[in-house]
Amino acid sequence: MTKFMDVHHGMRGITAEQLQAAHKADLAIEKDENVHFERAWADPDAGVVYCLSEAPSADAVQRIHERAGHKADEIHPVPLTV
């Protein structure tokens, strides 16, 4: 499986509680696509949210995000980590 970093724009003012709720929504259905969302970060001032996942494909990541109500604007494979 591949790691993916996805980006959501237009999230200006997101709170920790809202970020947690969005992450929980992903976790609740992630197994349907064999995805695992590891972590999420947000910059409320810039309105950007980042999610790190492990999945069989970027399409699988997007399907989970769409079903959870927050489609990703960008999804990038992360083939190297240190």
Side-chain angles (χ1 to χ4, degrees):
M1 291 233 286
T2 302
K3 287 199 184 280
F4 293 92
M5 179 67 71
D6 62 73
V7 184
H8 305 258
H9 299 283
M11 307 291 281
R12 190 173 305 274
I14 190 169
T15 65
E17 293 79 17
Q18 290 168 322
L19 180 63
Q20 181 67 30
H23 185 62
K24 283 183 178 181
D26 290 328
L27 294 177
I29 59 173
E30 68 181 10
K31 286 185 171 86
D32 294 351
E33 294 282 349
N34 199 25
V35 173
H36 176 61
F37 287 94
E38 297 179 12
R39 188 170 303 272
W41 299 267
D43 180 343
D45 293 335
V48 181
V49 170
Y50 305 92
C51 300
L52 180 66
S53 62
E54 193 170 55
S57 69
D59 289 338
V61 172
Q62 187 69 285
R63 285 191 294 269
I64 293 298
H65 274 325
E66 286 177 348
R67 287 180 50 206
H70 42 263
K71 182 178 177 181
D73 296 301
E74 305 169 35
I75 303 176
H76 305 279
V78 183
L80 296 175
T81 60
V82 293

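Just so it is clear, the values below take in all heavy atoms, side chains as well, and ignore hydrogens, waters and symmetry mates. Along the sequence shown, residues carry numbers from 1.
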| message | Testing the basics here: between Ala60 and Ser57, what is the closest heavy-atom pair and its distance to 0.1 Å? | response | N-OG, 3.1 Å
| request: Please list all pairs passing the salt bridge (charged side-chain N to carboxylate O under 4.0 Å, His left out) test where one or both residues lie in residues 27-36, with sequence neighbours left out. | output: Asp32-Arg67, Glu33-Arg63
| So which pairs with a foot in residues 45-56 pass side-chain hydrogen bond (donor to acceptor under 3.5 Å, both in side chains), sequence neighbours left out? | none
| field | Listed once per pair and sorted, the salt bridge (charged side-chain N to carboxylate O under 4.0 Å, His left out) pairs that draw on residues 1-26, sequence neighbours left out | value | Lys3-Glu38
| task | Using the rule that two of Ile, Leu, Val, Met, Phe, Trp, Tyr join whenever any of their side-chain heavy atoms come within less than 4.5 Å, decide whether Leu27 and Ile75 are in one cluster. | result | yes
| With His70, which residues qualify under ring pair (Phe, Tyr, Trp, His ring centres under 6.0 Å), at least two apart? | His8, His65
| request: Measure across Ala55 and Val35 and return the closest heavy-atom pair with its distance rounded to 0.1 Å. | output: CB-CG2, 3.7 Å
| pair Ile29-Ile64: side-chain heavy atoms closer than 4.5 Å | yes
| message | Glu74: which residues meet the side-chain hydrogen bond (donor to acceptor under 3.5 Å, both in side chains) condition with it, sequence neighbours left out? | response | His9, His76
| field | Heavy-atom pair with the smallest gap, counting every atom of Val78 and Met5 | value | CG2-N, 3.7 Å
| note | Scanning both residues in full, the closest heavy-atom pair of Val61 with Phe4 reads CG2-CD1, 4.1 Å
| request: List for me each residue that meets side-chain contact (heavy atoms from CB on, under 4.5 Å) alongside Ala16, sequence neighbours excluded, and say none if there are none. | output: none
| From CG (Leu19) to CE (Met11), nearest 0.5 Å | 8.0 Å
